[in-house]
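Below: the structure, in structure tokens.
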Amino acid sequence: MNLVNNVLMLLLLVYFSVYECARILTIIPTPSFSHQIATQPIWKELSLRGHQVTSLTTDPVNDPQLTNLTEIDIKFSNNIKKLMYSNHFQTYIDLYDILAISCDAQLERPLIQDLIKSENESFDLVITETTRPVYFAFAHKFNCPSIGITTLDTTPAIYSVLGNPTHPILYPDYWLSYSKDRSIFDRIFSVIHYVFIMIHDKFTLMPMYQGIMERHFGKDYPPLQQLIANMSVQLVNTDPIFRQIRPMTPGIIPIGGGLHRLPPEPLSNDLKRILDNANKGFIYFSLGSNVKSEFLHDERRNEILAAFAELPYTVIWKYGNNSIPNKPKNVLIYQWLPQISVLNHPNIKLFITHGGLQSVTEAIYAHVPMIGIPFFVDQFKNVQEMVDDGYGLHLGRENLEKGYMQRTILEAINNPKYRIKLKELTKLANDQPMTGLERAVWWIEYVLRHEGEIHLRSPTIDIPFYQHYFLDVIALLLVVFLGLLKVSLTILKLTLKFIFYSKRPKVFH
Ligand SMILES: *[C@@H]1O[C@H](CO)[C@@H](O)[C@H](O)[C@H]1NC(C)=O
Ligand SMILES: *[C@@H]1O[C@H](CO)[C@@H](O)[C@H](O)[C@H]1NC(C)=O
Ligand SMILES: *[C@@H]1O[C@H](CO)[C@@H](O)[C@H](O)[C@H]1NC(C)=O
Ligand SMILES: *[C@@H]1O[C@H](CO)[C@@H](O)[C@H](O)[C@H]1NC(C)=O
């Protein structure tokens, strides 16, 4: 019995050890720090677990201790920052154009060309950002399974390719910021937006990425749409406590929230002293990595500084330049800060943020009330959710007037309800069997263990559309119904005729 057990144990060990050294290719092509920082903990963890990870990234971590992590820098100078003020649809079109063009440029890089052309390189798994889908071609190239990942929620177009339910009223896209009781105008706009992005995806984006794939990988690849739908699982950076509730097929895994529970980087001595000495408390102000604070024009910036100047709090401003005109004494600027440590400092009173998902999540878990000044993409929605859920306030870019700003700041700091709400919600969010990071790693290794054969593909993908909308069923039932109708009418007519015919002679005789 013991022997059998030991042999079984040994077999099990051999079975699992096959994957101790899986070779994984990870690709986050989006040239935005927030996309990189959201996924780095996963690559780091995979490499520490003994996998050989090759990471194509636009912001390498360059940590010499991570000996199993090889990083290829694919940074491409981008124009994302020029985007933020155009209208809704134009911003959407421009952003996705720029991102597609940056993929095209990245694929021309010699190191990536080496990968595309190499004949002796091999990988057991490709993990890539689903919203820049051309990189799924690598899974075909290396004949291995693929996993899609998004650093935000994902678009209705992708949900639809994966056979997941979409609905513009129940689950509006993350580009839209509707409060829970949507007006009829919100709903009309949501439907227009939905139809627009579905059409844009099908007739502009997909052909564009298909072209990019053919140019760099060759014409003998299956259609890109097929390669995307062939992914084993899709990891999405959402969690149902703080984001909208929506149905997900079992192959779509929410990994939100928990990715940020890694040990925070320490504060520098200088910063630690300033925060420790802020005995009335401090406000942390940061507009994230894409919306550089210098983009606020002079008038708005002066209004903000004037509002800060009269407050009793120290203000820590993450600002892209090391000098700022008209800076009051209580405002300190830093070009870079260990954000998680700042948010977790006991003296923090408030976080004024652009509402980027990573920043909001970090502040939520640190129980810091927020004021959101959204600029683009998902930020409007994130800020609306913080208002709806009662842990933050919204401040429009056009409302940055001194008095109004001060009142909003004082409300957020002095009213305890925001902090109480955060404690309630994080208590729920923390009460889960696994953190987001653990869930991501578990699913990645699950796909590796079963070489992609995990059978979680939504049946919607493989069903013809006439069956999906049961058009054939309706058609057949209609034919039967019409047939029966015709037969009954004929019988009725014959019966009537018969009665009529058989009665007539009696009348006339
Ligand atoms: C690298 O991977 C090996 C197994 O392949 C593992 O034993 C080792 O601990 C890993 N090293 C680091 C620093 O992650
Ligand atoms: C593949 O071959 C190239 C030279 O042709 C070599 O430099 C490289 O190390 C090889 N890679 C692997 C994984 O064997
Ligand atoms: C789909 O993925 C499986 C492995 O997960 C692979 O064997 C198959 O070749 C892929 N199909 C295409 C069209 O790439
Ligand atoms: C920083 O501010 C100075 C003075 O206002 C200005 O000349 C310079 O262009 C700014 N640098 C950046 C990176 O914005």
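Bear in mind that the values here come from a model prediction, so they are computed numbers and not experimental data. Start at 1 and go down the list; that is how both ligands and their atoms are numbered.
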Test side chain to side chain contact (heavy atoms under 4.5 Å, CB included), reference Trp43, set Ile28, Val61, Leu66, Thr57, output is Ile28
Purely on distance, is any nitrogen or oxygen of Cys21 under 3.5 Å from one on ligand 1? no
Sorted by chain and number, sequence neighbours left out, ring pair (Phe, Tyr, Trp, His ring centres under 6.0 Å) with Tyr171 holds for none
Does atom CD of Gln65 have more than 12 heavy-atom neighbours from other groups under 6.0 Å away? no
Where ligand 1 meets Asn68 - atom numbers and elements under 4.0 angstrom, heavy-atom basis: 1 (C), 2 (O), 3 (C), 8 (C), 10 (C), 11 (N), 12 (C), 14 (O)
Using the ring of Trp442 (Phe, Tyr or Trp, six-membered ring only), decide whether Arg449 places NZ or CZ under 6.0 Å from its centre and within 45 degrees of its axis. yes
Sole candidate of Thr361, Leu357, Thr426, Asn382 that passes side chain to side chain contact (heavy atoms under 4.5 Å, CB included) when paired with Phe242: Thr426
Which atoms of ligand 1 have any heavy atom of Thr67 under 4.0 Å away? 11 (N), 12 (C), 13 (C)
If the cut-off is 4.0 Å to any non-hydrogen atom of Ser47, which atoms of ligand 1 fall inside it? 14 (O)
Take every heavy atom of Arg49, measure it against each atom of ligand 1, and state whether any distance is under 4.0 Å. no
Part of Gln65 within contact of ligand 1 (heavy atoms, under 4.0 Å): backbone
Any heavy atom of Leu48 under 4.0 Å from ligand 1? The part involved is both
Let me have the donor-acceptor pairs involving side chains of residues 384-391, under 3.5 Å, with sequence neighbours excluded, atom names and distances please.
from   : atom 1 : to     : atom 2 : distance (Å)
Gln384 : NE2    : Asp388 : OD1    : 3.2
Glu385 : OE1    : Arg243 : NE     : 2.7
Glu385 : OE1    : Arg243 : NH2    : 2.8
Asp388 : OD2    : Lys180 : N      : 3.3
Asp389 : OD1    : Lys180 : NZ     : 3.0

